[in-house]
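Structure, as structure tokens:
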Amino acid sequence: MTHKLPEPMLRAFTAAEAAAKSGEVPVGAVVVDKLGNILAVAANRTLTDRDPTAHAEMIAIRAAAHKLGSERLIDCDLYVTLEPCAMCTGAISHARIRRLYFAASDAKMGAVENGPRFFTQPTCHHKPEVYGGIGEARGQELLREFFRARR
């Protein structure tokens, strides 16, 4: 049985696909407010911007914070196509994101269920609710196709 993905995750996948077409690692992120209104949509831009911090999550968090006029995204949720890395989990915590939804896990660079498991560390001051595997197969396939084409 196939489950329909939430609209924000669909938008994140659309952003990830656009990133892949421009040569970026296909990761997309969407921030929504407590009513489900989309505040920001972003894709990886590390190559385009020549900026190692230009991950989809970081760009989406910055845009949503700017839109809300606050560094805190309390009652906001983040949807992302790949398990966030250590840098992005730190930003998620600092922004006080309420819930994190991600598609594919990332055994190599992920920091939520893999690696440092940032949100379980005693030094982590804010821990969002985490829901992994939302559209996991699609997220994995998008990455697999992207990297296969580069080999």
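Just the heavy atoms: all of them, side chains too, but no hydrogens, waters or symmetry mates, feed the values below.
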Distance-minimising heavy-atom pair for [X] and [Y]:
{"X": "Cys88", "Y": "Met58", "value": "SG-CG, 3.7 Å"}
{"X": "Arg62", "Y": "Thr53", "value": "NH2-OG1, 3.4 Å"}
{"X": "Asp106", "Y": "Met109", "value": "OD1-N, 3.1 Å"}
{"X": "Ala19", "Y": "Pro26", "value": "CB-CA, 4.2 Å"}
{"X": "Ala56", "Y": "Ala42", "value": "O-CB, 3.5 Å"}
{"X": "Ala15", "Y": "Ala43", "value": "O-CB, 3.3 Å"}

Side-chain heavy atoms of [X] within contact of [Y], under 4.5 Å:
{"X": "Phe119", "Y": "Ile92", "answer": "yes"}
{"X": "Phe102", "Y": "Leu82", "answer": "no"}
{"X": "Arg96", "Y": "His125", "answer": "yes"}
{"X": "His55", "Y": "Met87", "answer": "yes"}
{"X": "Asp77", "Y": "Pro8", "answer": "no"}
{"X": "Glu17", "Y": "Leu142", "answer": "yes"}
{"X": "Ile74", "Y": "Arg98", "answer": "no"}
{"X": "Glu136", "Y": "Ser105", "answer": "yes"}

Kindly work out whether a path of hydrophobic side-chain contacts (I/L/V/M/F/W/Y, heavy atoms less than 4.5 Å apart) joins [X] to [Y].
{"X": "Leu100", "Y": "Val30", "value": "no"}
{"X": "Leu78", "Y": "Leu39", "value": "yes"}
{"X": "Val31", "Y": "Ile59", "value": "no"}
{"X": "Ile61", "Y": "Val112", "value": "yes"}
{"X": "Leu5", "Y": "Leu143", "value": "no"}

**Request:** Flag this pair as yes if the NZ/CZ of Arg150 is under 6.0 angstrom from the six-membered ring centre of Phe146 and inside a 45 degree cone about the axis; otherwise no.
**Result:**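 Yes, Arg150 and Phe146 form such a contact.
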
**Item:** Ring-face cation contact, Phe13 with Arg138, 6.0 Å cut, 45° max
**Value:**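 Yes, Arg138 lies over the aromatic ring of Phe13.
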
**Request:** Look only at the side chain of Glu83 and the backbone of Ala103, and say whether a donor-acceptor pair between them is shorter than 3.5 Å.
**Result:**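 It does not hold such a pair.
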
**Message:** Quick one, Val130 with Tyr101, criterion side-chain contact (heavy atoms from CB on, under 4.5 Å). Give me CA distance, side-chain angles, the key distance, then yes/no.
**Reply:** CA-CA 6 Å; Val130 176; Tyr101 300 90; over 6 Å; no

**Asked** When you look at Gln140 and Thr81, which way does the side-chain contact (heavy atoms from CB on, under 4.5 Å) test go after all the steps?
**Response** CA-CA 9 Å; Gln140 290 173 338; Thr81 59; over 6 Å; no

**Message:** Are more than 12 heavy atoms, taken from residues, nucleotides or ligands other than Arg11, located less than 6.0 Å from that residue's CZ atom?
**Reply:** no

**Message:** Does His66 have more than 12 heavy atoms from other residues, nucleotides or ligands lying within 6.0 Å of its NE2?
**Reply:**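 Open.
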
**Item:** Flag for Asn44-Thr46: side-chain donor and acceptor within less than 3.5 Å
**Value:** no

**Asked** Going through the distances and angles, do Asp33 and Asp75 end up as a side-chain contact (heavy atoms from CB on, under 4.5 Å)?
**Response** CA-CA 6 Å; Asp33 67 15; Asp75 291 331; over 6 Å; no

**Prompt:** Any salt bridge between Arg148 and Glu145, counting N to O under 4.0 Å?
**Reply:** no

**Distance in Å, Met9 CE paired with Ile134 CD1, rounded so as to fall on 0.5 Å steps** =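 The distance works out to 6.0 Å.
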
**Request:** Using side-chain contact (heavy atoms from CB on, under 4.5 Å) as the criterion, point out the one residue from Val32, Asn37, Leu68 that pairs with Cys76.
**Result:**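 Between Cys76 and the candidates, side-chain contact (heavy atoms from CB on, under 4.5 Å) is satisfied uniquely by Leu68.
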
